[in-house]
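Residue numbers begin at 1 in each chain, while the letters A, B, ... track the order of the sequences.
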2 protein chains.
Amino acid sequence: MYQTQKAHLAARARIIKAMGHPSRLFIIEELGRGERCVFDLTAMIGADVSTVSKHLTVLKQAGIVLDDKRGNQVFYRLRVPCILNFFGCVESVMEAQRKEHLALAERVAR
Amino acid sequence: MYQTQKAHLAARARIIKAMGHPSRLFIIEELGRGERCVFDLTAMIGADVSTVSKHLTVLKQAGIVLDDKRGNQVFYRLRVPCILNFFGCVESVMEAQRKEHLALAERVAR
DNA sequence: TGGCTTTTTGGCTATATTGCCAAATAGGGG
DNA sequence: CCCCTATTTGGCAATATAGCCAAAAAGCCA
């Protein structure tokens, strides 16, 4: 039941896991607006360049982004733009949580 | 640029991270077919019950599943079924990778 | 109550991830 | 060639995650 799908699920998990970090989510969103070089992303995130570079490597190895070296800069872009739709659902989970907390708060208040 | 969104991105990341594990992906898909108790999920996955229980806790804390105790069993179900659509995009990343590997293989063959 | 089933919790080890610094690599332009 | 900028790599410490076992908790039923 699980064993037969395990390899496939592991492949999926690798991709999803690569998105499960605030900085990497930021990068994905930013690349949704167009390609960016490491230097610019680093400035926006405010972490060490090496850290951002490693985040980009994670996204690249997961197949989420592509890199393109031009001169002494490396530009990254999304490989599959639909990644962005992805977030609608995540938001609805967060929305459901907000509603529940509100409902709970009201119940406590009564 | 990033700092202002950081909390929101971290909240998103928590949810996505919770999905980034093969067993948890399996659970999500299985719950897409209907509610399941811990015991049944454990049988399907083939890990220790305590391990599966912990995976379910992760999903629950992320707001992805809800639990419902009936008798001495606990039934889990998806809180937001759209989670399943989610995977279409992940598949397209995998599809893009497959195509690229094929193209690469052809290039090498020539 | 005692025994059985189901689930969660605590504790432990092994492994993975994150982030920084320092150093290496690579490209461009005097 | 040397210097400057951009990026990656190596290494390290701190923290987080995953999985198992053993034990606790909770419900049912006789």
### Query
Which part of the nucleic acid does K54(A) contact within heavy-atom distance under 4.0 Å: base, sugar-phosphate only, or nothing?
base
#### Entry: Euclidean distance, atom CG of residue D67(A) to atom P of dT8(D) [Å, nearest integer]
7 Å
## Note on the structure
V74(A) has its side chain closest, among dG19(D), dT8(D), dT6(C), to dT8(D)
### Message
When you measure from the side-chain N and O atoms of T51(A) to the phosphate of dC20(C), is any distance below 4.0 Å, counting only OP1 and OP2?
### Response
yes
### Task
Please work out if Y76(B) contacts a base, only the sugar-phosphate, or nothing of the nucleic acid, heavy-atom cut-off 4.0 Å.
sugar-phosphate
#### Entry: salt bridge (charged side-chain N to carboxylate O under 4.0 Å, His left out) assessment of E29(A) paired with R12(B)
CA-CA 12 Å; E29(A) 286 215 314; R12(B) 273 192 185 181; 3.0 Å; yes
### Summary
Separation of dA26(C) atom P from K69(A) atom NZ, nearest Å, is 7 Å
### Query
Is a side-chain N or O of Q97(B) found less than 3.5 angstrom from the main chain of A62(A), in a donor-acceptor match?
yes
## Note on the structure
Rounded to whole Å, the CG-C1' distance (L56(A) to dA6(D)) equals 13 Å
### Query
Can you check the M44(A) CE to dA6(D) P distance for me, whole Å?
14 Å
### Task
Tell me whether the OP1 or OP2 atom of dT17(C) has a side-chain N or O from H55(A) closer than 4.0 Å.
no
### Query
CD of Q61(B) versus P of dT8(C): gap in Å, rounded?
12 Å
### Query
When all nucleic acid strands are considered with a 4.0 Å heavy-atom cut-off, which category describes K17(A): base, sugar-phosphate, or nothing?
sugar-phosphate
#### Entry: Interatomic distance, Q73(A) CD vs dA26(C) C1' [rounded to whole Å]
13 Å
#### Entry: Length of the line joining R14(A):CZ and dA16(C):P, which is rounded to integer Å
13 Å
### Query
Under 3.5 Å, side chain of R77(A) to main-chain N/O of G34(A), donor-acceptor pair present?
no
### Message
Tell me whether the side-chain N/O atoms of S53(B) come closer than 4.0 Å to OP1 or OP2 in dT8(C).
### Response
yes
### Query
How would you label the contact of R70(B) with the nucleic acid (heavy atoms, under 4.0 Å): base, sugar-phosphate, or nothing?
nothing
### Task
Would you indicate what T42(B) reaches in the nucleic acid, counting non-hydrogen atoms under 4.0 angstrom: base, sugar-phosphate, or nothing?
nothing
### Message
What's the closest nucleotide to the side chain of V49(B) if the choices are dT7(C), dG19(D), dG19(C)?
### Response
dT7(C)
### Task
For D48(B) and dT7(C), give me the distance from atom CG to atom C1', rounded to whole Å.
11 Å
### Query
Across the strands shown, which category fits S23(B) at heavy-atom distances under 4.0 angstrom: base, sugar-phosphate, nothing?
nothing
### Message
Go nucleotide by nucleotide along DNA chain D from the 5' end; which of R24(B) and T57(A) gets its closest nucleotide reached first?
### Response
T57(A)
#### Entry: Any donor-acceptor N/O pair, R14(B) side chain to Q61(B) backbone, under 3.5 Å
yes
### Query
Do any N or O atoms from the side chain of R24(A) and from the backbone of A18(A) form a donor-acceptor pair under 3.5 angstrom?
yes
